[in-house]
Amino acid sequence: MINEKVERLLNEQVTYELYSAQLYLSMSSWFASKDLDGFAKWYYAQAYEEKAHAMIIYNYIITAGGRALLEPIDAPPHEWESLSNLFDEHVKHEELVTSLIYNIVDVSRQEKDFKVDQFFQWFVEEQVEEEENANRIKGRYEALARDGKALYLMDQEMGTRVYAPPALLTTMEAGE
Ligand code: MG
């Protein structure tokens, strides 16, 4: 059983997480076009992470006896004025996602769908991490990497990211 109103919000969230994947892949492509391959790698991994978020919610809807209804995904921007501008957009985007997650928790409580409330605590935690990542990248760039040499080092550091799917998704896909 899943509350109808909550189910609609979860479906919207699947679309929005897929949009996030589009956005970060587009950012990755922008970095690649500037030969900042480490940043490109980080944002490429982030696109997978967002896809994983969508798949977690998709799996949840199905398991809860709902129906996942897939919608079109908006085109992301292709250009940013500067690295600063891109990092600002990254932070703003994650703040928006956090507000959407909070809204799901809020509505699920109002509708007394406490399973969704409980399940979405994972996303509440995840958003702390996502906002932290976005703010750290922006902060480190503003503080250190505005000159060429430091940017080169930061690019190398960003390139060390290794993507691993969230354990929650792996468990869901194994049907556990
Ligand atoms: Mg996400």
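Here the structure is a predicted model, which means the values were calculated and not measured. Each ligand, and each atom within it, is numbered from 1 in the order the structure gives.
Phe39 and Tyr43 have their aromatic ring centers separated by at least 6.0 angstrom.
Considering just the N/O/S atoms of His53, the one nearest the Mg ion (ligand 1) carries the name ND1. Looking at Glu17 and the Mg ion (ligand 1) together, the shortest N, O or S contact belongs to OE1. If you look at Glu50 and ask which of its N, O or S atoms sits nearest the Mg ion (ligand 1), the answer is OE1.
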Can you check salt bridge (Lys or Arg N to Asp or Glu O under 4.0 Å) on Glu157 and Arg140, steps first, answer last?
CA-CA 11 Å; Glu157 185 189 279; Arg140 284 175 70 83; 2.8 Å; yes
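Checked by atom type and distance alone, the side chain of Asp106 never pairs as donor or acceptor with a backbone atom of Tyr102 at under 3.5 Å.
Each of Tyr24, Trp42, Tyr163 was scored for a ring pair (Phe, Tyr, Trp, His ring centres under 6.0 Å) with Tyr48, with one residue passing: Tyr163.
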